*Asks:* 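Got a structure here, written out as C-alpha coordinates. Questions coming.
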Amino acid sequence: MPELPDVEVFREYLDRTALHQAVESVGVSVPEILADISPEELQSQTNGHQFVSTGRHGKYLFARLSDDDWLVFHFGMTGYFSYFKDSKKAPKHTRVLFGFDNDYQLAFILQRKLGKIFVARDIDDFIKQQGLGPDALDENFNAEDFKKTLKETTSSLKSALMDQARIAGIGNIYSDEILFQARLNPKARANQMGNQELDRLFRAMRDVLKTAIDSEADPRRMPKTYLLPHREKDGKCPVCHGKINTTKVSGRSAYFCPKCQS
DNA sequence: ACATTGACCTGAGAGC
DNA sequence: TGCTCTCAGGTCAATG
(Lines give C-alpha, C1' and ligand atoms only; values in the text may rest on other atoms or scores of the structure.)
Protein backbone atom coordinates (compact mmCIF):
# COMPACT_ATOMS: atom_id res chain seq x y z
CA MET A 1 0.00 0.00 0.00
CA PRO A 2 2.09 2.78 1.35
CA GLU A 3 3.34 5.00 -1.42
CA LEU A 4 2.90 8.77 -1.41
CA PRO A 5 -0.90 8.82 -1.83
CA ASP A 6 -1.44 6.16 0.83
CA VAL A 7 0.82 7.95 3.29
CA GLU A 8 -0.97 11.23 2.60
CA VAL A 9 -4.27 9.51 3.39
CA PHE A 10 -2.76 8.16 6.63
CA ARG A 11 -1.60 11.67 7.49
CA GLU A 12 -5.10 13.07 7.02
CA TYR A 13 -6.44 10.20 9.11
CA LEU A 14 -4.04 11.04 11.91
CA ASP A 15 -5.05 14.70 11.67
CA ARG A 16 -8.71 13.97 12.31
CA THR A 17 -8.20 11.29 14.96
CA ALA A 18 -5.19 11.21 17.27
CA LEU A 19 -4.10 14.82 16.94
CA HIS A 20 -4.29 16.87 20.16
CA GLN A 21 -4.95 13.87 22.39
CA ALA A 22 -2.65 13.39 25.35
CA VAL A 23 -0.64 10.18 25.16
CA GLU A 24 -0.77 8.20 28.37
CA SER A 25 0.74 4.89 27.31
CA VAL A 26 2.95 3.48 24.57
CA GLY A 27 3.13 -0.26 24.03
CA VAL A 28 5.88 -1.65 21.85
CA SER A 29 5.45 -5.31 20.98
CA VAL A 30 8.20 -5.38 18.37
CA PRO A 31 11.20 -3.24 19.42
CA GLU A 32 13.08 -3.98 16.16
CA ILE A 33 10.89 -1.56 14.25
CA LEU A 34 12.16 1.34 16.37
CA ALA A 35 14.99 2.71 14.26
CA ASP A 36 17.10 4.69 16.65
CA ILE A 37 15.54 4.47 20.10
CA SER A 38 14.55 1.94 22.72
CA PRO A 39 10.94 1.33 23.78
CA GLU A 40 11.72 3.13 27.05
CA GLU A 41 13.00 6.17 25.22
CA LEU A 42 9.94 6.21 22.99
CA GLN A 43 7.75 6.09 26.08
CA SER A 44 9.50 8.90 27.88
CA GLN A 45 9.52 10.89 24.65
CA THR A 46 5.77 10.65 24.10
CA ASN A 47 4.09 10.04 27.43
CA GLY A 48 2.20 13.10 28.62
CA HIS A 49 2.59 14.80 25.26
CA GLN A 50 0.30 15.26 22.26
CA PHE A 51 0.75 15.06 18.54
CA VAL A 52 0.33 18.68 17.52
CA SER A 53 0.87 18.67 13.75
CA THR A 54 1.78 16.38 10.89
CA GLY A 55 3.83 16.44 7.72
CA ARG A 56 4.91 14.14 4.95
CA HIS A 57 7.84 13.77 2.61
CA GLY A 58 7.67 10.99 0.06
CA LYS A 59 6.64 7.84 1.91
CA TYR A 60 7.58 9.20 5.35
CA LEU A 61 4.97 10.58 7.74
CA PHE A 62 5.98 13.09 10.42
CA ALA A 63 4.04 13.69 13.61
CA ARG A 64 5.24 16.53 15.79
CA LEU A 65 5.07 16.07 19.52
CA SER A 66 4.33 18.87 21.93
CA ASP A 67 7.93 18.62 23.16
CA ASP A 68 9.03 19.67 19.66
CA ASP A 69 10.57 16.42 18.48
CA TRP A 70 9.02 14.51 15.62
CA LEU A 71 8.05 10.88 15.37
CA VAL A 72 8.64 9.63 11.84
CA PHE A 73 6.67 6.69 10.49
CA HIS A 74 7.63 4.56 7.52
CA PHE A 75 5.03 1.98 6.55
CA GLY A 76 7.13 -0.57 4.69
CA MET A 77 5.00 -2.64 2.35
CA THR A 78 2.05 -3.38 4.59
CA GLY A 79 1.71 -0.64 7.19
CA TYR A 80 -1.29 1.43 8.23
CA PHE A 81 -2.90 3.12 11.24
CA SER A 82 -6.04 2.29 13.12
CA TYR A 83 -7.63 4.56 15.70
CA PHE A 84 -10.22 2.90 17.89
CA LYS A 85 -11.90 2.91 21.27
CA ASP A 86 -9.68 1.11 23.77
CA SER A 87 -12.42 -1.27 24.84
CA LYS A 88 -11.86 -2.96 21.48
CA LYS A 89 -9.07 -5.36 20.78
CA ALA A 90 -6.03 -4.07 18.92
CA PRO A 91 -5.85 -5.29 15.31
CA LYS A 92 -3.61 -8.21 14.41
CA HIS A 93 0.00 -7.23 13.70
CA THR A 94 -0.18 -4.13 15.88
CA ARG A 95 3.49 -3.39 16.55
CA VAL A 96 3.20 -0.13 18.47
CA LEU A 97 0.13 1.06 20.34
CA PHE A 98 -0.39 4.60 21.60
CA GLY A 99 -3.04 5.03 24.29
CA PHE A 100 -4.69 8.43 24.79
CA ASP A 101 -6.48 9.94 27.76
CA ASN A 102 -9.78 10.04 25.80
CA ASP A 103 -9.93 6.23 25.91
CA TYR A 104 -8.89 5.84 22.30
CA GLN A 105 -5.83 4.11 20.93
CA LEU A 106 -3.77 4.46 17.80
CA ALA A 107 -2.25 1.25 16.42
CA PHE A 108 0.72 1.22 14.07
CA ILE A 109 0.10 -2.00 12.19
CA LEU A 110 2.61 -3.89 10.09
CA GLN A 111 1.96 -7.37 8.84
CA ARG A 112 5.51 -7.77 7.62
CA LYS A 113 7.94 -6.03 9.93
CA LEU A 114 9.35 -3.79 7.23
CA GLY A 115 8.17 -0.48 8.64
CA LYS A 116 10.03 1.80 11.04
CA ILE A 117 9.59 4.54 13.58
CA PHE A 118 12.30 7.18 13.91
CA VAL A 119 12.66 10.18 16.18
CA ALA A 120 13.89 13.38 14.55
CA ARG A 121 14.79 16.82 15.83
CA ASP A 122 14.53 18.46 12.46
CA ILE A 123 12.68 17.28 9.38
CA ASP A 124 15.04 18.80 6.83
CA ASP A 125 17.99 17.11 8.50
CA PHE A 126 16.11 13.82 8.55
CA ILE A 127 15.32 14.07 4.83
CA LYS A 128 18.97 14.77 4.12
CA GLN A 129 20.13 11.87 6.27
CA GLN A 130 17.82 9.49 4.45
CA GLY A 131 19.08 10.82 1.15
CA LEU A 132 15.61 11.64 -0.16
CA GLY A 133 15.00 13.70 -3.24
CA PRO A 134 12.23 16.30 -3.45
CA ASP A 135 8.70 15.16 -2.69
CA ALA A 136 6.93 14.28 -5.92
CA LEU A 137 4.13 16.75 -5.14
CA ASP A 138 6.34 19.57 -3.87
CA GLU A 139 5.16 22.75 -5.64
CA ASN A 140 8.75 23.93 -5.85
CA PHE A 141 9.73 20.84 -7.80
CA ASN A 142 8.69 21.92 -11.28
CA ALA A 143 8.75 20.45 -14.77
CA GLU A 144 12.21 21.85 -15.46
CA ASP A 145 13.68 20.23 -12.34
CA PHE A 146 11.94 17.00 -13.23
CA LYS A 147 13.32 16.95 -16.77
CA LYS A 148 16.79 17.68 -15.50
CA THR A 149 16.58 14.86 -12.98
CA LEU A 150 15.42 12.29 -15.51
CA LYS A 151 17.88 13.33 -18.18
CA GLU A 152 20.85 12.64 -15.97
CA THR A 153 20.27 8.90 -15.70
CA THR A 154 20.53 6.06 -18.18
CA SER A 155 18.22 3.86 -16.11
CA SER A 156 14.70 2.91 -17.13
CA LEU A 157 11.86 5.36 -16.60
CA LYS A 158 10.29 3.09 -14.02
CA SER A 159 13.46 2.78 -11.93
CA ALA A 160 14.08 6.50 -12.18
CA LEU A 161 10.58 7.27 -10.92
CA MET A 162 10.95 4.81 -8.04
CA ASP A 163 14.40 6.05 -6.99
CA GLN A 164 13.72 7.87 -3.72
CA ALA A 165 16.99 9.78 -4.02
CA ARG A 166 15.78 11.40 -7.24
CA ILE A 167 12.08 11.85 -6.45
CA ALA A 168 10.50 10.83 -3.16
CA GLY A 169 7.16 9.06 -2.88
CA ILE A 170 6.64 6.86 -5.92
CA GLY A 171 6.75 3.07 -5.62
CA ASN A 172 5.95 0.05 -7.72
CA ILE A 173 2.19 0.56 -8.10
CA TYR A 174 2.06 4.26 -8.84
CA SER A 175 5.07 4.21 -11.16
CA ASP A 176 3.06 1.80 -13.32
CA GLU A 177 0.02 4.07 -13.24
CA ILE A 178 2.02 7.20 -14.04
CA LEU A 179 3.74 5.52 -16.98
CA PHE A 180 0.42 4.22 -18.24
CA GLN A 181 -1.20 7.65 -18.09
CA ALA A 182 1.81 9.17 -19.87
CA ARG A 183 1.70 6.32 -22.43
CA LEU A 184 5.38 5.61 -21.91
CA ASN A 185 7.07 2.24 -21.68
CA PRO A 186 8.48 1.36 -18.24
CA LYS A 187 11.72 0.10 -19.77
CA ALA A 188 12.41 3.16 -21.93
CA ARG A 189 15.70 4.87 -21.02
CA ALA A 190 15.13 8.07 -19.08
CA ASN A 191 17.91 10.04 -20.77
CA GLN A 192 16.60 9.20 -24.24
CA MET A 193 13.28 10.95 -23.68
CA GLY A 194 12.50 14.22 -25.40
CA ASN A 195 11.12 17.30 -23.68
CA GLN A 196 7.62 16.57 -24.85
CA GLU A 197 7.61 13.09 -23.33
CA LEU A 198 9.09 14.29 -20.07
CA ASP A 199 6.57 17.11 -19.82
CA ARG A 200 3.85 14.55 -20.32
CA LEU A 201 5.39 12.30 -17.69
CA PHE A 202 5.64 15.14 -15.20
CA ARG A 203 1.99 16.07 -15.69
CA ALA A 204 0.96 12.42 -15.37
CA MET A 205 2.97 12.10 -12.15
CA ARG A 206 1.21 15.02 -10.52
CA ASP A 207 -2.22 14.12 -11.87
CA VAL A 208 -2.02 10.49 -10.81
CA LEU A 209 -0.75 11.23 -7.31
CA LYS A 210 -3.35 13.94 -6.70
CA THR A 211 -6.16 11.87 -8.16
CA ALA A 212 -5.11 8.93 -6.00
CA ILE A 213 -5.21 11.09 -2.88
CA ASP A 214 -8.65 12.42 -3.86
CA SER A 215 -9.74 8.79 -4.26
CA GLU A 216 -8.35 8.06 -0.80
CA ALA A 217 -5.85 5.72 -2.47
CA ASP A 218 -8.69 3.29 -3.13
CA PRO A 219 -8.46 1.80 -6.65
CA ARG A 220 -12.23 1.29 -6.73
CA ARG A 221 -12.74 5.05 -6.56
CA MET A 222 -10.26 5.95 -9.25
CA PRO A 223 -11.14 6.98 -12.82
CA LYS A 224 -12.21 4.26 -15.24
CA THR A 225 -9.20 4.93 -17.42
CA TYR A 226 -6.78 3.94 -14.66
CA LEU A 227 -4.63 0.86 -14.97
CA LEU A 228 -4.51 0.20 -11.23
CA PRO A 229 -7.72 -1.86 -10.90
CA HIS A 230 -6.57 -3.99 -13.84
CA ARG A 231 -3.13 -4.57 -12.47
CA GLU A 232 -3.43 -8.34 -12.22
CA LYS A 233 -2.81 -11.48 -14.17
CA ASP A 234 -4.87 -11.50 -17.40
CA GLY A 235 -5.90 -7.88 -16.82
CA LYS A 236 -7.33 -5.92 -19.73
CA CYS A 237 -6.23 -2.45 -20.70
CA PRO A 238 -8.99 0.03 -19.75
CA VAL A 239 -8.23 2.07 -22.88
CA CYS A 240 -7.64 -0.35 -25.78
CA HIS A 241 -8.94 -3.51 -24.05
CA GLY A 242 -5.82 -5.41 -25.07
CA LYS A 243 -4.00 -7.71 -22.70
CA ILE A 244 -1.85 -6.22 -19.96
CA ASN A 245 1.74 -7.46 -20.00
CA THR A 246 4.12 -7.94 -17.13
CA THR A 247 7.86 -7.66 -17.03
CA LYS A 248 10.59 -7.19 -14.45
CA VAL A 249 12.15 -3.80 -13.92
CA SER A 250 14.90 -3.60 -11.32
CA GLY A 251 13.55 -6.64 -9.57
CA ARG A 252 9.94 -5.46 -9.35
CA SER A 253 7.05 -6.58 -11.49
CA ALA A 254 5.85 -3.94 -13.90
CA TYR A 255 2.39 -4.04 -15.50
CA PHE A 256 1.86 -2.17 -18.74
CA CYS A 257 -0.13 -2.16 -21.96
CA PRO A 258 2.20 -3.01 -24.84
CA LYS A 259 -0.12 -1.28 -27.32
CA CYS A 260 -0.72 2.00 -25.48
CA GLN A 261 2.81 2.23 -24.07
CA SER A 262 4.97 1.31 -27.04
C1' DA B 1 26.30 3.96 -12.72
C1' DC B 2 23.28 0.46 -13.48
C1' DA B 3 20.75 -4.08 -12.96
C1' DT B 4 20.21 -8.20 -10.33
C1' DT B 5 19.79 -10.97 -6.36
C1' DG B 6 18.96 -12.04 -1.74
C1' DA B 7 17.85 -10.62 2.89
C1' DC B 8 14.64 -8.82 6.02
C1' DC B 9 9.35 -10.65 7.59
C1' DT B 10 4.52 -12.69 7.31
C1' DG B 11 0.64 -14.35 5.00
C1' DA B 12 -2.50 -15.16 0.94
C1' DG B 13 -3.49 -17.77 -2.93
C1' DA B 14 -2.45 -21.23 -6.47
C1' DG B 15 -1.59 -25.78 -7.66
C1' DC B 16 -1.06 -30.44 -6.42
C1' DT C 1 -7.18 -30.76 4.27
C1' DG C 2 -2.51 -30.03 3.95
C1' DC C 3 1.64 -29.34 1.73
C1' DT C 4 4.77 -26.55 -1.24
C1' DC C 5 5.67 -22.78 -4.15
C1' DT C 6 5.33 -18.02 -5.53
C1' DC C 7 4.29 -13.57 -4.80
C1' DA C 8 3.37 -9.06 -2.34
C1' DG C 9 2.54 -1.53 -2.70
C1' DG C 10 9.87 -1.16 0.56
C1' DT C 11 14.69 -0.68 1.35
C1' DC C 12 19.43 -2.17 2.00
C1' DA C 13 23.76 -4.54 0.94
C1' DA C 14 26.54 -7.37 -1.95
C1' DT C 15 27.80 -8.69 -6.55
C1' DG C 16 28.57 -8.43 -11.70
Side-chain angles (χ1 to χ4, degrees), chain A residues 1-11 28-36 56-61 72-81 91-96 107-118 126-127 129-133 135-136 149-180 185-193 205 208-209 211-213 215-222 226-235 244 246-256:
Chain A
M1 259 196 201
E3 300 180 34
L4 186 153
D6 312 272
V7 177
E8 181 61 18
V9 170
F10 298 158
R11 193 188 67 75
V28 180
S29 52
V30 182
E32 305 92 88
I33 67 154
L34 302 182
D36 44 12
R56 185 191 55 71
H57 187 100
K59 303 173 187 174
Y60 291 82
L61 170 59
V72 184
F73 296 89
H74 190 282
F75 296 85
M77 286 177 97
T78 58
Y80 62 102
F81 284 139
K92 206 173 173 186
H93 308 122
T94 294
R95 309 304 186 182
V96 174
F108 180 51
I109 301 151
L110 305 167
Q111 182 199 99
R112 301 163 74 186
K113 299 175 186 167
L114 302 177
K116 281 259 179 292
I117 297 178
F118 306 77
F126 180 83
I127 290 166
Q129 269 168 34
Q130 298 294 313
L132 300 175
D135 184 82
T149 300
L150 287 228
K151 279 177 180 171
E152 69 194 16
T153 176
T154 62
S155 75
S156 68
L157 284 178
K158 184 174 168 72
S159 321
L161 286 174
M162 288 197 302
D163 182 350
Q164 304 302 299
R166 292 183 213 283
I167 305 163
I170 301 165
N172 201 28
I173 292 285
Y174 285 102
S175 59
D176 280 358
E177 188 66 60
I178 291 163
L179 288 162
F180 178 71
N185 193 282
K187 284 200 166 161
R189 302 286 117 194
N191 65 348
Q192 287 174 11
M193 293 296 110
M205 175 182 80
V208 164
L209 295 175
T211 302
I213 294 167
S215 313
E216 301 199 32
D218 180 350
R220 291 168 305 181
R221 302 177 61 166
M222 289 178 197
Y226 268 39
L227 176 71
L228 228 165
H230 310 279
R231 204 179 173 283
E232 59 195 5
K233 212 168 36 193
D234 300 326
I244 295 299
T246 64
T247 184
K248 289 271 178 204
V249 178
S250 42
R252 314 297 301 279
S253 48
Y255 290 68
F256 68 105

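For the numbers below, each heavy atom of this structure counts, side chains included, while hydrogens, waters and symmetry mates do not. Chain identifiers are assigned alphabetically (A, B, ...) following the order of the sequence lines, protein sequences preceding nucleic acid strands; residue numbering begins at 1 within each chain. Quick caveat, the model's predicted, so the values are computed rather than measured.
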*Asks:* Tell me which nucleotide among dC2(B), dT10(B), dG10(C) gets nearest to the side chain of Arg252(A).
*Replies:* dG10(C)
*Asks:* Any side-chain N or O of Lys113(A) below 4.0 angstrom from OP1/OP2 of dT10(B)?
*Replies:* yes
*Asks:* What's the gap between dG6(B) and dC5(C) when it is taken at their P atoms, as a whole Å value?
*Replies:* 15 Å
*Asks:* Quick check: do Tyr80(A) and Val9(A) have side-chain heavy atoms less than 4.5 Å from each other?
*Replies:* no
*Asks:* Whole Å only: how far is the CZ atom of Phe118(A) from the P atom of dT11(C)?
*Replies:* 10 Å
*Asks:* If you pin Ser159(A) and Leu114(A) to their nearest nucleotides in DNA chain B, which one's is more 5'?
*Replies:* Ser159(A)
*Asks:* In whole angstroms, how far is the P atom of dA8(C) from the CE atom of Met77(A)?
*Replies:* 8 Å
*Asks:* CD of Gln111(A) versus P of dC8(B): gap in Å, rounded?
*Replies:* 18 Å
*Asks:* Taking CZ from Arg95(A) and C1' from dC9(B), how many angstroms apart are they, rounded to a whole number?
*Replies:* 8 Å
*Asks:* With a 4.5 Å cut-off on side-chain heavy atoms, are Tyr174(A) and Leu4(A) touching?
*Replies:* no
*Asks:* Can Asn185(A) and Lys158(A) be counted as having a side-chain donor-acceptor contact under 3.5 angstrom?
*Replies:* no
*Asks:* Side chain of Arg112(A) only, please: which of dC2(B), dG9(C), dT10(B) is the nearest?
*Replies:* dT10(B)
*Asks:* Nearest of dG10(C), dC2(B), dA8(C) to any side-chain atom of Asn172(A)?
*Replies:* dG10(C)
*Asks:* Check for me whether the distance between the ring centres of Phe81(A) and Phe75(A) falls short of 6.0 Å.
*Replies:* yes
*Asks:* Reading DNA chain B from 5' onward, which residue's closest nucleotide shows up sooner: Lys92(A) or Ser250(A)?
*Replies:* Ser250(A)
*Asks:* For the P atoms, the ones on dC2(B) and on dG9(C), what distance do you get once it is rounded to whole angstrom?
*Replies:* 23 Å
*Asks:* What is the separation between atom CG on Leu161(A) and atom P on dG10(C), rounded to the nearest whole Å?
*Replies:* 13 Å
*Asks:* For Asp234(A) and dA14(B), what is the distance between atoms CG and C1' respectively, to the nearest whole Å?
*Replies:* 13 Å
*Asks:* Provide, to the nearest angstrom, the distance between the CZ atom belonging to Phe180(A) and the C1' atom belonging to dG9(C).
*Replies:* 19 Å
*Asks:* If you only use heavy atoms from C-beta on, which nucleotide in dG11(B), dG10(C), dC2(B) is closest to the side chain of Lys59(A)?
*Replies:* dG10(C)
*Asks:* By nearest atom, which of the nucleotides dG10(C), dA8(C), dA3(B) is closest to the Tyr255(A) side chain?
*Replies:* dA8(C)
*Asks:* Rounded to the nearest angstrom, tell me the gap between atom CD in Gln129(A) and atom P in dT11(C).
*Replies:* 17 Å
*Asks:* Would you confirm whether Arg252(A), through its side chain, and Asn172(A), through its main-chain N or O, come within 3.5 Å as a donor-acceptor pair?
*Replies:* no
*Asks:* OP1 or OP2 of dA8(C) versus the side-chain N and O atoms of Ser253(A): is any pair under 4.0 Å?
*Replies:* yes
*Asks:* Using Watson-Crick or G-U wobble geometry with both distances below 3.5 Å, tell me the partner of dG15(B), or none.
*Replies:* dC3(C)
*Asks:* Distance between the P atoms of dA1(B) and dG10(C), in whole angstroms?
*Replies:* 24 Å
*Asks:* Are any of His74(A)'s side-chain N or O atoms less than 4.0 Å away from OP1 or OP2 of dG10(C)?
*Replies:* no
*Asks:* Would you mind pulling out the nucleotide paired to dC12(C), Watson-Crick or G-U wobble, both distances under 3.5 Å?
*Replies:* dG6(B)
*Asks:* Quantified in whole Å, what is the P atom distance between nucleotide dC3(C) and nucleotide dC8(B)?
*Replies:* 24 Å
*Asks:* Can you check the distance between dC7(C) and dT4(B), where both ends of the measurement are the P atom (answer in whole Å)?
*Replies:* 15 Å
*Asks:* When rounded to the nearest Å, what value does the distance between P atoms of dT4(C) and dC9(B) take?
*Replies:* 22 Å
*Asks:* Given dC12(C), dA3(B), dA8(C), which nucleotide is nearest the side-chain atoms of Gln130(A)?
*Replies:* dC12(C)
*Asks:* Closer than 4.0 Å, any side-chain N/O of Thr78(A) to the OP1 or OP2 of dG11(B)?
*Replies:* no
*Asks:* Does Phe10(A) have its ring centroid less than 6.0 Å away from the ring centroid of Phe73(A)?
*Replies:* no
*Asks:* Between dG11(B) and His93(A), is there an OP1 or OP2 to side-chain N/O distance shorter than 4.0 Å?
*Replies:* yes
*Asks:* Using a cut-off of strictly less than 4.0 Å, decide whether Arg231(A) has a side-chain nitrogen or oxygen near OP1 or OP2 of dC7(C).
*Replies:* no
*Asks:* Among Thr211(A), Ile170(A), Val208(A), whose side chain to side chain contact (heavy atoms under 4.5 Å, CB included) with Glu177(A) holds?
*Replies:* Val208(A)
